[in-house]
Structures are given as C-alpha cells and as structure tokens.
Amino acid sequence: MRLKRSDLVTVFLRKRIVGRDDELNETISYGDSQKLLMNVQPASGQVATELYGDRLRYFANAKYVGNAIKENCNELDGVCLNAGPSDDPDYRIVSIYTYKNHLNLTLERIKQDG
C-alpha cells in the first residue's frame, strides 16, 4: 500500500524511557525525537465506539510505511502530533498492527495538566 503524499503529516516519534526516582517509583521520560511521515485520522466507527466509548475523541488512527516503528517494540512510545519535537509527546502508541506494506497504529492522547 502506498500512502498518498498529500495526506501525510510530519510527526515526531520519541522512544519511551522507564526509570526510577529516589523512592523507586517508576518515572517515564522520552528520548530524542525522530521525524516520521504518517497518515493520521481521528478514530471513528462502531467498533471503536464500543471499545473506547466516551473516550473515543482522545484516539486517532495512523498509517505508517517505514522501518522506524515495529510491532511488539514501540508500543507506549510517544508521538508528537500537535507538539513540537522537543516538547513532551501529546499522543502515545496504544497498538500496532502489521500489514503487508504498512502499519496501522492506534494513538491515544496523553493527559496533559492544564
């Protein structure tokens, strides 16, 4: 499958780094950003509505062609869709489905304070 160039948007992938603080609580930070091109659409449909219910407006579906994202490796990594490459990511990868020529990603908005 080829993605139409006019439908692609620039996003930044930031790898998730799990660490520990002084009290041994888990802390999550993100590594350097990597520029990617994806086709991103809001999540919709009856199945998505049944899965996510009222939270559906916080989800997006993306299609990606390339080698930077792999199934069972990049789940929970951050994606800067509406944020800058040096900002904290505003979405995280919830699921990755591999097809023959592309990946289907489900993105969930990360709750931001403020």
Side-chain angles (χ1 to χ4, degrees):
M1 171 182 200
R2 292 195 122 149
L3 300 179
K4 189 175 174 184
R5 185 173 294 279
S6 63
D7 290 341
L8 298 178
V9 296
T10 301
V11 300
F12 296 93
L13 176 68
R14 299 197 57 197
K15 303 266 185 195
R16 183 173 92 125
I17 300 168
V18 178
R20 299 280 180 184
D21 64 7
D22 296 338
E23 298 175 354
L24 298 179
N25 295 320
E26 221 175 63
T27 61
I28 297 172
S29 60
Y30 296 95
D32 294 333
S33 61
Q34 181 178 2
K35 182 178 177 181
L36 302 175
L37 293 173
M38 291 183 186
N39 177 338
V40 181
Q41 303 292 326
S44 63
Q46 185 174 359
V47 173
T49 303
E50 289 180 19
L51 281 174
Y52 306 122
D54 292 338
R55 298 182 318 135
L56 181 63
R57 64 177 173 231
Y58 301 114
F59 285 84
N61 293 324
K63 290 184 178 15
Y64 172 69
V65 175
N67 297 322
I69 298 175
K70 294 187 178 15
E71 192 171 6
N72 297 326
C73 184
N74 291 100
E75 279 88 356
L76 302 177
D77 283 353
V79 175
C80 298
L81 185 61
N82 299 319
S86 60
D87 297 335
D88 283 339
D90 53 347
Y91 283 85
R92 72 172 149 240
I93 300 172
V94 176
S95 63
I96 303 172
Y97 300 104
T98 303
Y99 288 85
K100 184 176 180 183
N101 297 325
H102 71 283
L103 299 174
N104 279 356
L105 310 169
T106 303
L107 307 175
E108 180 184 14
R109 180 176 265 293
I110 298 173
K111 298 211 183 330
Q112 305 271 333
D113 291 339

Task: Closest contact, heavy atoms only, Leu56 versus Ala43 - done: CD1-CB, 3.7 Å
TODO: Please identify each residue that fulfils side-chain contact (heavy atoms from CB on, under 4.5 Å) with Val18, with sequence neighbours left out.
DONE: Arg16, Glu26
- [ ] Please say which of Thr10, Val65, Leu13, Ile69 ends up in a side chain to side chain contact (heavy atoms under 4.5 Å, CB included) with Met38.
- [x] Ile69
Task: Under the side-chain contact (heavy atoms from CB on, under 4.5 Å) test, residues paired with Asp22 that sit two or more places apart - done: none
Task: Joint hydrophobic cluster, Leu76 plus Leu103, side-chain heavy atoms closer than 4.5 Å - done: no
Task: Over all atoms of both residues, closest heavy-atom pair of Pro89 and Arg14 - done: CD-NH1, 4.2 Å
Open item on the list: Please determine whether residues Val47 and Phe59 belong to a single hydrophobic cluster, defined as Ile, Leu, Val, Met, Phe, Trp and Tyr linked transitively by side-chain heavy-atom distances below 4.5 Å.
Closed with: yes
Open item on the list: According to side-chain contact (heavy atoms from CB on, under 4.5 Å), who are the partners of Ser95, at least two apart in sequence or on a separate chain?
Closed with: Tyr97, Thr106
Open item on the list: Is it the case that over 12 heavy atoms from other parts of the model lie below 6.0 angstrom from the OH atom of Tyr58?
Closed with: no
TODO: Could you work out the complete set of other residues in the hydrophobic cluster of Leu24, with links drawn between I, L, V, M, F, W and Y side chains under 4.5 Å apart?
DONE: none
Open item on the list: Suppose we screen for ring pair (Phe, Tyr, Trp, His ring centres under 6.0 Å). Which residues come up paired with Phe12, at least two apart in sequence or across chains?
Closed with: none
Open item on the list: Has Asp90 got a side-chain atom pairing as donor or acceptor with Leu81's backbone, closer than 3.5 angstrom?
Closed with: yes
TODO: Given side-chain contact (heavy atoms from CB on, under 4.5 Å), test Arg20 with Asn25 step by step and report yes or no.
DONE: CA-CA 5 Å; Arg20 299 280 180 184; Asn25 295 320; over 6 Å; no
Task: Pairwise salt bridge (Lys or Arg N to Asp or Glu O under 4.0 Å) hits with a residue in residues 30-59, at least two apart - done: Arg55-Glu108
Task: Exercise: identify the closest heavy-atom pair between Ala68 and Gln34 - done: CB-NE2, 3.5 Å
Task: Note, Leu36 side chain near Val79 side chain (heavy atom, < 4.5 Å) - done: no
Open item on the list: Can you pull out every side-chain hydrogen bond (donor to acceptor under 3.5 Å, both in side chains) where at least one residue sits in residues 67-85? Sequence neighbours excluded, please.
Closed with: Glu71-Thr98, Asn74-Asp77
TODO: Tell me whether Ile17 is reachable from Ile93 by hopping between hydrophobic residues (I, L, V, M, F, W, Y) whose side-chain heavy atoms are closer than 4.5 Å.
DONE: no
- [ ] For Asp7, check side-chain hydrogen bond (donor to acceptor under 3.5 Å, both in side chains) against everything at least two apart and list the hits.
- [x] none
Task: Exercise: identify the closest heavy-atom pair between Tyr91 and Arg109 - done: CD2-N, 3.4 Å
Task: Pairwise side-chain contact, Ile28 with Arg92, heavy-atom cut-off 4.5 Å (strictly under) - done: no
Open item on the list: Among residues at least two apart in sequence or on other chains, which ones pass side-chain contact (heavy atoms from CB on, under 4.5 Å) with Leu8?
Closed with: Leu3, Leu37, Asn39
